[in-house]
2 protein chains.
Amino acid sequence: MSTSLTVSQLAKQLEISADTVRHYVRSGLISPERDPENGYKRFKGEDIKRLHFILQAKSLGFSLADIQTIMDQASHGESPCPQVRVIMEARLKETAAKIAAMQATYKQMQDAMQRWQTQPDCTPTGEHICHLIEGFSHQADNFKQEGCCHE
Amino acid sequence: MSTSLTVSQLAKQLEISADTVRHYVRSGLISPERDPENGYKRFKGEDIKRLHFILQAKSLGFSLADIQTIMDQASHGESPCPQVRVIMEARLKETAAKIAAMQATYKQMQDAMQRWQTQPDCTPTGEHICHLIEGFSHQADNFKQEGCCHE
DNA sequence: CTTGACCTGTGTGTTACTCACAGCTTTATA
DNA sequence: TATAAAGCTGTGAGTAACACACAGGTCAAG
Ligand SMILES: [Zn+2]
Ligand SMILES: [Zn+2]
Ligand SMILES: [Zn+2]
Ligand SMILES: [Zn+2]
């Protein structure tokens, strides 16, 4: 039948993994009918439309929980747009914060790598585990813990 | 006694949460002695030094699994430096990739928000869940799925 | 001795999947 | 036709790095 698709058929069509499709079903985002003969999931037009929506929303930064909320609201006949705008604003800020944090870490990593370029390998002692890592904070002054392990 | 610290004392001293300290213990990164009287964890010099190392490594982008590996190697008397360099290179690439991906998403989000600025709220129909999200891909052409839900 | 604040260990929840696995179907081969 | 190999299915469990919940233990004040 071309009126309903199996998990892997649907997955292939939307270029996602079958496990991802199953995940959305288990999470309650999609609720396909079941084939009475073997219990297999059978996706029809409605389900495919929902999955399509899910993927679009995900690409815009919405979480699955967000998407669930939006769909629930829409199925109650209420306009989800106001919620969408609110959630989006929050996700936008979150994403900006995450990017900033990761960029900071990235800089730390680069600095360390450069510093390590010229440093020789060490042997761990009771005092030190790895000079590369431990030496970093002394120069970069990340941790101003007074109980710092050495010097 | 000042020779050993409890979970919360140690947490406060290193400015991390007590739960985080407990997490590291449960993960096997630190193995403090136990107070025979009440079973409480008792952190001594060695443990504190290890935790100090963990935090430094974490700030450089190492995962807890990485750190475990490095510490194990060091405790076997082998120099962990070569491993450290290898792992760091991998994490550096990963981080760069993550940042790039997040920035791409961020741009998508911004574009969508701007487009939505002037659009009115909608009412969900059988055809659509939310025009804001569904309308996006038609203009941005994210999903060139031929079975797109409308038009 | 009791009240209350604080602290403890442990069990469970979080995000968005991904993997493992036993079993059923379909296809290919002899 | 028998049978073996390949492929697909649903479900249970695992991942990273903690955060939270909660019953019970500890300690100072009254
Ligand atoms: Zn080293
Ligand atoms: Zn140090
Ligand atoms: Zn809408
Ligand atoms: Zn569409």
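So that the names make sense, note that chain A is the first sequence line, chain B the second, and so on, each numbered from 1. Hydrogens, waters and symmetry mates play no part in the numbers below; they use all other heavy atoms, side chains included.
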Starting from [atom2] on [N], measure out to [atom1] on [X] and report it in whole angstrom.
X: B:Arg42; N: C:dT8; atom1: CZ; atom2: C1'; value: 15 Å
X: A:Tyr40; N: D:dG7; atom1: OH; atom2: P; value: 15 Å
X: B:Leu55; N: D:dA17; atom1: CG; atom2: P; value: 13 Å
X: A:Glu33; N: D:dG10; atom1: CD; atom2: P; value: 14 Å
X: B:Asp19; N: C:dT12; atom1: CG; atom2: P; value: 16 Å
X: A:Met102; N: D:dA16; atom1: CE; atom2: C1'; value: 13 Å
X: A:Ile30; N: C:dA16; atom1: CD1; atom2: P; value: 15 Å
X: B:Lys98; N: D:dA16; atom1: NZ; atom2: P; value: 11 Å

Would you say a side-chain N or O of [X] is under 4.0 Å from OP1 or OP2 of [N]?
X: A:Thr20; N: C:dA16; result: no
X: A:Tyr24; N: C:dA16; result: no
X: B:Ser8; N: C:dT8; result: yes
X: B:Lys58; N: D:dC18; result: yes
X: B:Lys41; N: C:dG9; result: yes

Task: Residue closer to the 5' end of DNA chain D, B:Glu37 versus B:His23 (nearest nucleotide) - done: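 First, find each residue's nearest nucleotide; the 5'-ward one identifies B:His23.
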- [ ] On DNA chain C, check which nucleotide each of B:Ala18 and B:Arg26 is closest to and give me the residue with the more 5' one.
- [x] B:Ala18
Open item on the list: With a 4.5 Å cut-off on side-chain heavy atoms, are A:Lys41 and A:Val21 touching?
Closed with: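 With C-beta onward as the side chain, the pair stays apart.
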- [ ] Classify the nucleic acid contact of B:Asn38 as base, sugar-phosphate or nothing, counting any heavy atom under 4.0 Å across all strands shown.
- [x] sugar-phosphate
Open item on the list: Using a 4.0 Å heavy-atom cut-off, does A:Ser27 contact any base of the nucleic acid, only the sugar-phosphate backbone, or nothing at all?
Closed with: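 Result for A:Ser27 = nothing.
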Task: Modelled atom types, side-chain donor and acceptor of B:Asp66 and B:Ser63, under 3.5 Å - done: yes
Open item on the list: Does B:Arg22 contact C:dT12 through a side-chain donor or acceptor facing the base, at a distance under 3.5 Å?
Closed with: no
- [ ] Establish whether the base of D:dG10 is bridged to the side chain of A:Arg34 by a donor-acceptor pair shorter than 3.5 Å.
- [x] no
Task: Verify same cluster id: B:Tyr40, B:Leu10 (apolar side-chain graph, 4.5 Å) - done: no
Open item on the list: Around atom CD of A:Glu89, are there more than 12 heavy atoms from other residues, nucleotides or ligands closer than 6.0 Å?
Closed with: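 Counting other residues, nucleotides and ligands, CD of A:Glu89 stays at 12 neighbours or fewer.
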Task: Shortest non-hydrogen contact between A:Pro80 and B:Ile129, atoms and distance - done: CG-O, 3.4 Å
